Amino acid sequence: PPFPFLPFLLSVAAVDGKEKAPVGRLLWSFETGGMVRSSPAVGSDGTVYAGSTDHKVYALDGKTGKKKWEFATGGDVLASPSLGVDDTVYVGSEDKKMYALDGKTGKKKWEFAAEDRVFSSPAIGKNETILFGSMDDKIYALNGLTGAKLWEFKSAGWVGASPAIGQDGTIYLGSEDKKLYALDGVTGKKKWEFSTKGRISSSPAIGVDGTVYFGSDDHSLYAVDGNTGKKK
């Protein structure tokens, strides 16, 4: 081969006299009983949390891939987990529930039943408020410690995307009804809505100046003023 030294360079690298694993080498893998469509979350101690279509949430050692615990729900876990300040795992399931699990043990702290499936990954607001959408056309806010419902907002279509939270606590989330909503994070009261020509399955992103960016099934990417809802 023209560069016979490359295999050696790719197999061993040393920094400050310490060997490092070669870049791109598989460190470990863990097989679940179904497809893994859930994006993983990583805890403060390196634990990796993810869901599977085998109806379970898994906690794995981030260094070895060894299973620490698993928690069974009543449906596919397609949503990605979110972690609270104490590594509480918040995750939704196709069984129409949002769960709070102890990150160390997998023990259930509480569950909240929506009226339809939960594909939305929760966002965590002030005072550990848990915010997510459901296929029942609603956006929910729950007390992260108890699971008690603080408020709900009804749209005219299912809500599968994940919410984004502005610096002032405003909640931004789109719906199948082709609208992006801005809601007061404390009360759930609508501040404004912005209409597109297609369903909104895209989770919004917020710029440093408060601009809200999101996509729509109308083939467009939008930038909207976060305070007024006016299209930029």
Side-chain angles (χ1 to χ4, degrees), residues 35-41 51 53 75-82 90-98 112-126 129-142 144 149-232:
M35 295 179 290
V36 181
R37 293 179 174 175
S38 166
S39 299
T53 59
D76 292 353
V77 182
L78 303 177
S80 302
S82 296
Y90 301 101
V91 64
S93 172
E94 205 173 29
D95 66 4
K96 307 180 183 180
K97 294 179 180 179
M98 175 63 64
F112 173 84
E115 296 172 16
D116 206 334
R117 297 158 292 167
V118 179
F119 297 138
S120 171
S121 299
I124 303 177
K126 295 181 180 179
T129 300
I130 309 304
L131 302 139
F132 65 97
S134 171
M135 304 302 276
D136 61 11
D137 303 348
K138 294 179 180 180
I139 300 167
Y140 292 95
L142 308 180
K149 183 173 69 177
L150 301 176
W151 53 259
E152 65 179 45
F153 176 84
K154 177 77 170 178
S155 73
W158 52 255
V159 183
S162 301
I165 305 175
Q167 290 187 350
D168 63 353
T170 300
I171 312 304
Y172 302 99
L173 190 55
S175 170
E176 188 195 24
D177 66 7
K178 305 178 183 180
K179 295 179 180 179
L180 181 80
Y181 294 96
L183 308 177
D184 184 287
V186 176
T187 64
K189 184 178 179 180
K190 183 175 70 176
K191 291 186 172 184
W192 52 257
E193 63 182 46
F194 178 85
S195 296
T196 73
K197 296 180 181 179
R199 297 180 300 179
I200 301 175
S201 302
S202 165
S203 299
I206 304 174
V208 292
D209 62 350
T211 300
V212 181
Y213 303 93
F214 66 98
S216 168
D217 280 5
D218 64 8
H219 300 187
S220 298
L221 178 70
Y222 291 90
V224 177
D225 185 292
N227 291 320
T228 65
K230 184 178 179 179
K231 183 175 70 174
K232 288 188 173 185

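We're numbering straight along the sequence, starting at 1. Because only heavy atoms are used, hydrogens play no part in the values below, and waters and symmetry mates are left out as well, while side chains stay in. Please read these numbers as outputs of a predicted model, since none were measured by experiment.
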Nearest 0.5 Å, please: how far is CG in D217 from NZ in K178? 9.5 Å
Heavy-atom closest contact (K232 atom, D209 atom, distance): NZ-OD2, 3.6 Å
What distance do L131 atom CG and S121 atom OG have between them, rounded to the nearest 0.5 Å? 13.0 Å
Report yes if the side chains of F132 and V159 come closer than 4.5 Å at any heavy-atom pair, otherwise no. no
Got a second to check how far S38's OG is from L78's CG, nearest 0.5 Å? 8.0 Å
Sub-3.5 Å donor-acceptor pair from the side chain of T170 to the main-chain atoms of A182, do we have one? no
Roughly how far, to the nearest 0.5 Å, is the CD1 atom of I200 from the OH atom of Y181? 8.5 Å
Is any side-chain heavy atom of I130 less than 4.5 Å from a side-chain heavy atom of I124? yes
Kindly give the heavy-atom pair with the smallest separation between A223 and T211, and that separation in Å. CB-CG2, 3.9 Å
Do I139 and P163 make a side-chain contact, defined as non-hydrogen atoms from C-beta onward lying under 4.5 Å apart? no
Nearest heavy atoms of A79 and S120, plus distance in Å: CB-O, 3.9 Å
Below 4.5 Å, heavy atoms only, C-beta onward: do L150 and L142 meet side chain to side chain? no
Is the backbone N or O of G226 less than 3.5 Å from a side-chain atom of W192, with the two atoms forming a donor-acceptor pair by type? yes
As an exercise, state the distance from CE of M98 to OG of S82, rounded to the nearest 0.5 Å. 7.5 Å
Just jot down the salt bridge (Lys or Arg N to Asp or Glu O under 4.0 Å) partners of D137, sequence neighbours excluded, or say none. K154
For D95 and G75, which heavy atoms make the closest approach, and how far apart are they? CB-N, 3.7 Å
Exactly one of F112, F153, Y90 clears ring-ring contact (aromatic ring centres under 6.0 Å, His included) with Y140, and that residue is F112
Using side-chain heavy atoms (C-beta onward) and a distance below 4.5 Å, is R199 in contact with W158? yes
Given side chains that start at C-beta, do those of W151 and L183 come closer than 4.5 Å, heavy atoms only? yes
Sole residue of T196, L221, I206, L173 in side-chain contact (heavy atoms from CB on, under 4.5 Å) with F214: T196
Non-hydrogen atoms of G198 and S216 that approach each other most closely: O-OG, 3.2 Å
State whether the side chain of S134 and the backbone N or O of R117 hold a donor-acceptor pair below 3.5 Å, judged by distance alone. yes
Tell me the closest heavy-atom pair linking D177 and S155, and the distance in Å. OD2-CB, 3.5 Å
What do the steps show when you test D136 against E152 for side-chain contact (heavy atoms from CB on, under 4.5 Å), and what is the final call? CA-CA 11 Å; D136 61 11; E152 65 179 45; over 6 Å; no
What's the spacing between F119 CZ and R37 CZ if we round to 0.5 Å? 10.0 Å
